[in-house]
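Notes for the one structure printed next.
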2 protein chains.
Amino acid sequence: MDHKDAIAATMTALADPTRRDIIDRLRSGPLPVGAIAKTMPVSRPAVSQHLRVLSDAGLLSVTPSGNRRLYAIAPDGVDALRRYLDALWDDALAAFQRAAQEQAKGKPDD
Amino acid sequence: MDHKDAIAATMTALADPTRRDIIDRLRSGPLPVGAIAKTMPVSRPAVSQHLRVLSDAGLLSVTPSGNRRLYAIAPDGVDALRRYLDALWDDALAAFQRAAQEQAKGKPDD
DNA sequence: ACAAATGGTAAGCGATAACTTACGGTAAGT
DNA sequence: ACTTACCGTAAGTTATCGCTTACCATTTGT
């Protein structure tokens, strides 16, 4: 998977409110599918599908434990998106300051 | 707008590839609608609609300049999402280390 | 005053995505 | 061995979203 595509997949994964709910459930630690679905308004297969999307995006890791499958937040996946936003923030700030400078130079007597 | 909703809107706004393309066009500085649309494979109204979504999410600022409207990346909007991911990353790391500790304690003779 | 340029909005269409029910497959308990 | 629990996948439906064309408002230029 390309780096640009990875960002796209991660962003799309986090865009859905139900998936962000799932992420919130996993903030305190790994959980099996059933435990997640029990506290959510959607069916278990729906949760399973969401977990697939989140895993494909690299946001979750899966560790089969006997009968169950424990899902956990993958710090690396979150970090990738974090770095993208850091770069975007740097560019935005630089462009902002440049625009402010040009306006001060272009219109000195406002 | 609630803080949670703001994150949701920002995430949804950045989930679309065309909107991320627009953001990329604005990395070097503010641009009017027409200039953006000219370098993109979609029509100007489509760009206009995307700019609306991005603005509503707080990711862009608009400054009317005579006939045109200059769109620029809003550093504050990006920063809000950045902080959300930072918090998520912190929680993920803490949960990760806690899980590693519990496994080391629970299964000492693996 | 008229014409051209810039851009936001409405209506309609096609594709995608999230959900449900139904099913199959593997691991654990009795 | 059989039954129960846990979970992923398939098929089908519905709602949402992104796009286009058409239209209107405002501003600039002649």
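Below, chains carry the letters A, B, ... as their sequence lines are ordered, and counting in each starts from 1.
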Test of understanding: with side chain to side chain contact (heavy atoms under 4.5 Å, CB included), list the residues that count as partners of [X], not counting sequence neighbours.
{"X": "A:A74", "answer": "none"}
{"X": "A:A94", "answer": "A:R98"}
{"X": "A:P75", "answer": "B:W89, B:A92, B:L93, B:F96"}

Legend entry - Net bend of the helix from C:dA4-D:dT27 to C:dT30-D:dA1, end axes of five pairs each, nearest 10 degrees: 30°

Could you tell me how far apart [X] ([atom1]) and [N] ([atom2]) are, to the nearest whole angstrom?
{"X": "A:L31", "N": "D:dC7", "atom1": "CG", "atom2": "C1'", "value": "15 Å"}
{"X": "A:M11", "N": "C:dA17", "atom1": "CE", "atom2": "P", "value": "16 Å"}
{"X": "B:R68", "N": "D:dT28", "atom1": "CZ", "atom2": "P", "value": "10 Å"}
{"X": "B:I22", "N": "C:dG7", "atom1": "CD1", "atom2": "P", "value": "13 Å"}

Legend entry - Pairs touching residues 45-55 of chain B that satisfy salt bridge (Lys or Arg N to Asp or Glu O under 4.0 Å), sequence neighbours left out: B:R52-B:D56

Inset, instruction - Search all heavy atoms of B:I7 against all heavy atoms of B:A80 and return the closest pair with its distance. - result: CD1-O, 3.7 Å

Legend entry - A:L59 to A:G77 - nearest heavy-atom pair and separation: CD2-C, 4.0 Å

Legend entry - Pairs flagged by side chain to side chain donor-acceptor pair (under 3.5 Å) wherever residues 60-74 of chain A is involved - sequence neighbours left out: none

Legend entry - N or O in side chain of B:R69 less than 4.0 angstrom from C:dT6 OP1/OP2: no

Legend entry - Below 4.0 Å: OP1/OP2 of C:dT6 and any side-chain N or O of B:Y71: no

Inset, instruction - Could you tell me the separation between the CD atom of A:Q49 and the CG atom of A:L54, rounded to the nearest 0.5 Å? - result: 12.0 Å

Legend entry - Sequence-aligned protein contact record of nucleotides 9-20 of chain D, with B where the base is within under 4.0 Å of a protein heavy atom and S where only the sugar-phosphate is: BB-------SBB

Legend entry - Summary of protein contacts for nucleotides 25-30 of chain C, nucleotide by nucleotide, where a base hit scores B, a sugar-phosphate-only hit scores S (4.0 Å, heavy atoms): --SS--

Legend entry - Heavy-atom side-chain proximity of A:L88 to B:I73 below 4.5 angstrom: yes

Inset, instruction - With sequence neighbours excluded, tell me which residues meet salt bridge (Lys or Arg N to Asp or Glu O under 4.0 Å) with A:D79. - result: A:R82, A:R83

Show me the donor-acceptor pairs, under 3.5 Å and distance only, between side chains in residues 13-33 of chain B and residues at least two apart or in other chains.
from  : atom 1 : to    : atom 2 : distance (Å)
B:D16 : OD2    : B:T18 : N      : 3.1
B:D16 : OD2    : B:R19 : N      : 3.1
B:R19 : NE     : B:A13 : O      : 2.7
B:R19 : NH1    : B:H50 : ND1    : 3.1
B:R19 : NH2    : B:T12 : O      : 3.3
B:R20 : NH1    : B:L14 : O      : 2.7
B:R20 : NH1    : B:A15 : O      : 3.1
B:D24 : OD1    : B:R27 : NE     : 3.0
B:R25 : NE     : B:T39 : OG1    : 2.8
B:R25 : NH2    : B:T39 : O      : 2.6
B:R27 : NH1    : A:D91 : OD2    : 2.5

